[in-house]
Amino acid sequence: MKLALLGLRNLARNRRRTTISLAIVGAGTVALLLTAGFIRFSFDGLKEAMIHGGLGHLEVASADALAGRQPGALDRSLRHGLADWLELQAELEALPHVEAAAATLQVMGMAALPDGDPVSFIGLGVEPGRERRMGFTVRLVDGNDLDVAPPAEGDDRALLGRGLADALGAQPGDVVTLLALNADGMLNALDVRVAGVVTTGVADLDTRFLKLHLESARRLLQTDLVSNLVVGLDRTEHTAAAKAAVEAIVAGRPQPLIVTGWQERASFYGQVRNLYLGVFAFLGSIVFVLVVLACSNTLVMAVMERMRELGTLRAIGTTGSQLAVMLLSEALWLGVLGGLIGDLAGLGAIALVNALRLKMPPPPGAVSPIDLQLAYVPEAFAGAVALMVVVLALAALAPIAKAVRLRVVEALDHV
Amino acid sequence: MGTNAAPVLVASGLAKSYRLGGVRVDALRGVDLEVRPGEIVAVAGPSGSGKSTLLNLLGTLDDPDQGRVEVDGVDVARLSERGRTLFRRRRLGFVFQSFNLVPVLSALENVEYPLLLDDVPRRVRLERALAMLAAVGLEGRARHRPDQLSGGERQRVAIARALVHRPRLVLADEPTGNLDSAAAAVVVELLERLVSDLGASVVLASHNPAVIGRARRCVHLRDGRVAADGATEPQP
């Protein structure tokens with residue numbers, strides 16, 4: 001029998017109070033697990049929404065185009081576009097885990113209906129077939145998506161952001177004239193038919209957003225260059241490995257290229273993530289303090305009820321540090337057992353919440369309500385137990401100080 | 001033990017006062033006491049005469065306002081708080097009126113406890129604790145918890161715990177106060193025999209004339225002073 005085991009046995013002496021303490025610790029653990037599950041669910045949902053909303057897992061662009069700009073910038077100079085990209089595209093698509101490498105061409109200019117006021121736009125020429133292979137989704141509000149096949153000359157089509165369509169007064173079927181500067185700095189125009197109206201999920205972006213087939217964009221800008229290649233993978237977990245493989249391919253090319261991961265391009269994801277983490281850290285700290293206070297209270301009661309016994313232990317030679325070890329071990333056992341009970345209850349609680357298929361409001365970047373499906377986060381199950389051990393150690397400080405400072409004579413007379 | 005041997009306990013000029021409800025109470029007013037090795041000294045006196053206070057001071061559980069306590073040649077006032085704790089653990093044994101056993105431990109574990117504190121190897125610990133339990137006649141109750149033992153048995157376990165580390169001095173405060181006369185007789189006889197076997201000395205506070213009578217010497221306290229100090233009448 002060691003002092004630490006004596007601490008475990010002491011938990012059995014007042015089963016009601018121990019049960020309450022375990023329930024408090026367990027409930028705190030469940031709260032942490034549900035929170036961790038919700039965070040993971042939210043982050044995963046947001047991450048995949050952004051990747052499959054057009055970001056892709058990797059981007060290959062010329063180093064000159066990215067010089068001095070944010071990784072996700074939409075106003076890159078056409079002069080620094082990718083040359084000989086078809087060969088590179090084929091090489092990238094031969095890599096394992098790569099679903100497709102889609103070329104995009106960024107376009108900025110003015111759009112106008114006949115006799116209408118011009119509105120500036122930020123457009124993107126895309127390869128709809130490859131985007132679909134990568135699982136990219138278009139959130140159509142009205143009309144139809146772009147055709148996969150390159151449009152014939154004179155049959156160019158475009159998707160307008162909802163805000164842009166509203167500003168133009170355009171709807172599917174209307175013809176809009178696009179004006180943009182080509183690679184030589186000359187103004188060029190292209191008539192496109194509105195295929196559909198879409199939303200990006202970001203209202204501000206919708207007021208400028210325009211999407212057209214890569215062939216249409218090349219006609220408008222009169223160029224063979226593209227802005228970048230967006231690489232889509234079968235699973236987001238393969239991003240790091242795929243990035244290394246893509247970097248190996250682009251390393252020997254005459255045009256200096258840079259490979260950028262989705263995390264670096266998704267500044268919005270980073271901002272939302274930090275905001276959520278801040279909120280959850282605040283809520284977590286409240287749970288932390290509540291559990292510390294509640295457990296400290298029950299541990300103080302445990303000490304008060306055992307004053308005479310603690311006095312006896314001191315009288316027969318238990319040092320203050322040995323008494324502290326014994327009381328601390330009681331608290332740590334509570335933390336470990338309560339945390340493990342909380343883990344089991346957390347498994348059940350997550351399964352229950354997921355079975356209820358609760359509807360959640362659209363997360364940032366999404367437009368439709370989603371089923372709440374909390375994630376099982378293995379590291380949270382281990383971390384919550386560890387955290388509860390820390391919580392209980394902190395909660396034990398006050399009762400330990402009280403027990404160690406007690407006067408033996410007074411403790412022995414305690415009734 | 002010979003009476004010429006150096007005293008195991010020397011207390012001189014012990015004074016202690018308390019404040020009780022705003023009133024100063026002089027519990028001890030200059031008590032001198034010497035106990036020689038092997039001696040069993042009863043401290044008698046009416047309630048409030050200072051018996052428990054004296055035992056607390058002798059056991060280094062409390063500090064005197066005046067006076068000095070020397071146990072086994074050590075001036076306890078010179079010891080640090082931790083030093084006193086270790087001193088109690090190794091050289092003193094305590095027997096309390098209410099037994100004060102740890103309720104979640106078995107009889108064996110309660111007896112083992114002082115040795116556990118000193119990191120005595122488990123095998124040695126068990127051997128000594130079992131031997132001590134056998135000495136108090138409770139080897140068959142080793143695995144029982146205190147709530148499964150009678151009052152007399154609990155006090156025998158407490159005596160085993162007080163003696164298992166072979167202390168030089170045992171302090172027993174009303175050790176039979178919660179026992180019937182038959183159990184009290186057994187407990188006192190055990191205490192007497194075991195301390196004799198181990199060469200320890202005993203200072204016991206008691207109201208019980210039968211218990212006092214078994215000690216060879218009795219110190220009577222009255223109003224915090226030693227009213228009498230002498231040999232007791234042998235008990236039949």
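To find a chain, count down the sequence lines: A is the first, B the second, and so on, and within it residues start at 1.
- Counting heavy-atom pairs under 4.5 Å between each of B:Val104, B:Asn56, B:Asp118 and chain A puts B:Val104 at the top.
- Only the side chain of B:Phe96 comes within contact range of chain A, with heavy atoms under 4.5 Å apart.
- Distance check: A:Arg9 CZ to B:Ser106 OG gives 6.5 Å after rounding to the nearest 0.5 Å.
- What you find for B:Val102 and A:Glu309 is that their closest heavy atoms are CG1-OE2, 3.6 Å.
- A:Thr319 and B:Leu86 get closest at one heavy-atom pair: CG2-CD2, 4.0 Å.
- When side chains are defined from C-beta on, B:Glu109 does not count as touching A:Leu6, because their heavy atoms never get closer than 4.5 Å.
- B:Tyr113 has its side chain within reach of A:Thr318: a pair of non-hydrogen atoms, C-beta onward, lies under 4.5 Å apart.
- Put simply, CZ on A:Arg407 and CG on B:Asp63 are 7.5 Å apart, with the number rounded to the nearest 0.5 Å.
- Note: A:Ile316 leads A:Leu412, A:Ile316, A:Val408 in heavy-atom pairs under 4.5 Å with chain B.
- If you measure heavy-atom distances from A:Ala12 to chain B, you find no contacts under 4.5 Å at all.
- Counting heavy-atom neighbours within 6.0 Å of B:Arg145 CZ, excluding the residue itself, gives a total of 12 or less.
- Looking at B:Arg88, its side chain never comes within 3.5 Å of a backbone N or O of A:Gly317 through a donor-acceptor pair.
- In this structure, the separation between CG on B:Asn100 and CZ on A:Arg308 is 5.5 Å, given to the nearest 0.5 Å.
- Proximity to chain B (any heavy atom under 4.5 Å) is shown, for A:Arg306, by neither the backbone nor the side chain.
- Other residues, nucleotides and ligands contribute at most 12 non-hydrogen atoms within 6.0 Å of the CD atom of B:Gln66.
- No more than 12 heavy-atom neighbours from other residues, nucleotides or ligands sit within 6.0 angstrom of CZ on B:Arg222.
- Per-residue heavy-atom pair counts under 4.5 Å with chain A were compared for B:Arg161, B:Arg84, B:His165, B:Arg89, and the maximum is reached by B:Arg89.
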